[in-house]
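Beneath this line is the structure, given in structure tokens, with notes to follow.
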Amino acid sequence: MRRSIVAAVLALSTALTVLTAAASWAEPQGHARADHALTRAQRIVDGTASPGPAKRVEATLAMRDLFLSLPDLDTSERRQAASVLARPTDGDADQYGHGYTVDARRTCSGHFCLHWVSSTDDAPPSRTWVTRNLATLNRVWRHHVGTLGYRPPVQDGTRGGNKLFDVYLKELGSQGLYGYCAPERRKPGTKFLASGYCVLDNDFARSQYGVPPDDSLRVTAAHEFFHAIQFAYDYGEDQWFMEATATWMEERFADDVNDNRQYLSYGQVGQPAEPLDFFNSSGFNQYGNWPFFEYLSSRYGNRIVKRVWEQAGAFEGAPDKYSTRALRSVLGGRGAFESVFRTYTAHNTIPGRTYAEGDSWPHAPVDRRWVLSADNLEGERSFRIDHLASRNAVLRPDESLAGGHWRGRVTVDAPTDDTSPTAYLLIRRKSGRIVEKAVHLGPAGNGSAEFPFGHDTIRSVTVTLANASTRFSCWHEMSYSCQGRSRDDDQLFNLKVAAFTG
């Protein structure tokens, strides 16, 4: 599942194969970051990594980062990395206890070979469970590759015994892990395409995961196999984008499980002031931002996410754009990224009306509330907003503003338009209807909007101010798009609200 974890592959010979492939990614990071990637991955496979606030250890991208960092490791460290990245069937080559200690069996069907052992703690509970894993994985393939049209994973030659995709069953629950996929060998002649393999928990015991085993299997298989698909587009892509779309994919394949709801409070539904593209290696922001892609797919169809991956792809003929630049390219034909982000952030304050299952979701929080009255007709507040983030305010009329002659006004003094400021209103009438209205901001970032505000007809007005900037200075080892620094963080938005008679 998203805290997807490890498995990255590779024996020392494989490690050396990817040195050139990963060089362009590694140039800005140096040995210090590579050493950090190795230490982090080692802690995950030896079971000493601390789970985050959702009681899960994040690992797939930790292993991906280790794979990318190989060029900056010295010879001794590369040997350690090869051990960390070893497949369970590599046995003694895995010095960190993640390899099988007995001979493995292999069962193949459809597009997959499933590897498992019949004894030790890694053994699945029965042959029936092995069969169920294979059937589930093949349904995932038909869904992701067949129905949605994604590229299949890069073939691994005869690694694992044949050209089918390899999945290993192993006891992972005691380490806070569900499963993982990892890039293993770069596809010759390509920049950031690689074969890989996956590891899933051997039984998803309810005593460890708290839900029926089949539910954990379905969402984990959907999430992790999508990472293997991502390696056929660009295994060096931005981390937030890889995890948010993989978590979104769970909803496509196993809509009834709803395991991904546990992350909503960590993403922009729960924390709108955190940037959409923030990857938190010790937290769950990236998993919690799957609603952004849910928002896109609910309006433009499921395949819009594939179109973004096609823009981000590094395969032959693909543009190889980083995450937010790929989004801008795809959404440019749908009213521009800024307008989509503007409505998305506003609609997170009314999830029940925005998302198919939003009645069960939290609402985006409100930073400031005003109740305007005949004795208190104005209010003002300033907000600092980082890139790809937003803040919300609400104003209500009290009983002294009775009658149809009362109107409201919001006035916004935002940064200049090259920083992509936006403002949007949701006017909730007492009839239950919600009227939406954009606040037009001029080149200097100034604008205002008026609306009915009588107590008899209006319940509230929500103002969402958003910083939709996607301007970055890239490759600074940061946890945002293109490992960059935003050029437009901490932007000042001044908001004035007023009631008056029309």
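In this chain, numbering begins with 1 at the start of the sequence shown.
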Got [X] and [Y] here, is their nearest side-chain heavy-atom distance under 4.5 Å?
X	Y	result
Phe337	Val340	no
Glu450	Phe500	yes
Lys306	Leu148	no
Val219	Tyr178	no
Leu441	Val412	yes
Trp141	Ile229	no
Ile304	Arg307	yes
Glu316	Thr190	no

Work out which heavy atom in [X] is nearest to a heavy atom in [Y]; give both atom names and the distance.
X	Y	result
Ala318	Glu310	CB-O, 3.8 Å
Asp277	Ser481	OD2-OG, 2.7 Å
Pro291	Leu264	CG-CD2, 3.5 Å
Ala244	Trp290	O-CB, 3.5 Å
Asn467	Thr419	OD1-O, 3.5 Å
Ala312	Ala326	N-CB, 3.9 Å

Residues, nucleotides or ligands: over 12 heavy atoms within 6.0 Å of Glu378 CD:
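At most 12 heavy atoms, drawn from other residues, nucleotides or ligands, come within 6.0 Å of this atom.
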Looking at His440, I want to see if its NE2 is surrounded by more than 12 non-hydrogen atoms of other residues, nucleotides or ligands under 6.0 Å.
no
Whether [X] side chain and [Y] backbone form a donor-acceptor pair below 3.5 Å:
X	Y	answer
Ser69	Ala37	no
Asp238	Cys482	yes
Ser329	Arg325	no
Gln268	Leu388	yes
Asn392	Pro365	yes
Arg151	Ala232	yes
Glu477	Gln483	no
Glu237	Ser323	yes
His144	Ala222	yes
Thr345	Arg342	yes

Please lay out, stage by stage, how Phe341 and Leu276 fare under the test side-chain contact (heavy atoms from CB on, under 4.5 Å).
CA-CA 10 Å; Phe341 187 74; Leu276 174 69; 4.2 Å; yes
[X]-[Y] side chain donor-acceptor pair, cut-off 3.5 Å:
X	Y	answer
Thr470	Thr324	no
Thr343	Tyr295	yes
Thr422	Glu338	no
Asp65	Gln239	yes
Ser373	Asp375	no
Asn260	Glu251	yes
Glu250	His223	yes
Gln230	Thr245	yes
Asn289	Gln286	no
His387	Asp489	yes

Hey, could you give me the [atom1]/[atom2] distance between [X] and [Y], rounded to the nearest 0.5 Å?
X	Y	atom1	atom2	result
Arg429	Phe451	CZ	CZ	12.5 Å
Asp490	Arg384	CG	CZ	4.5 Å
Arg396	Leu372	CZ	CG	11.5 Å
Leu426	Ile350	CG	CD1	5.0 Å
Thr136	His143	OG1	NE2	13.5 Å
Met249	Ser297	CE	OG	10.0 Å

Go through it in stages, so that I can follow the logic: the residues are Trp370 and Val394, the test is side-chain contact (heavy atoms from CB on, under 4.5 Å), and I'd like the CA-CA distance, side-chain angles, deciding distance and then a yes or no.
CA-CA 6 Å; Trp370 291 279; Val394 170; over 6 Å; no
Pair [X] and [Y], ring centroids less than 6.0 Å apart:
X	Y	result
Trp361	Tyr355	yes
Phe241	Tyr322	no
Phe225	Phe165	yes
Tyr344	Phe292	yes

Salt bridge check: are Arg252 and Glu294 linked by an N-O gap of less than 4.0 Å?
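Salt bridge flag = yes for Glu294 with Arg252.
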If you apply the rule ring-ring contact (aromatic ring centres under 6.0 Å, His included), what do you find for Phe472 with Tyr480, and how did you get there?
CA-CA 9 Å; Phe472 296 93; Tyr480 303 108; 7.4 Å; no
Cation-pi check, Arg391 onto Phe493 ring (under 6.0 Å, within 45° of axis)
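Checked: cation-pi criterion not met.
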Parallel, tilted or perpendicular: which one describes the rings of Phe231 and His227, with boundaries at 30° and 60°?
parallel
With side chain to side chain donor-acceptor pair (under 3.5 Å) as the test, pick out the partner of Ser469 among Asp488, Asp418, Asp386.
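With Ser469 as partner, Asp488, Asp418, Asp386 yield a single side chain to side chain donor-acceptor pair (under 3.5 Å), made by Asp488.
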When you look at Arg139 and Phe253, which way does the side-chain contact (heavy atoms from CB on, under 4.5 Å) test go after all the steps?
CA-CA 9 Å; Arg139 285 199 302 273; Phe253 180 76; 4.0 Å; yes
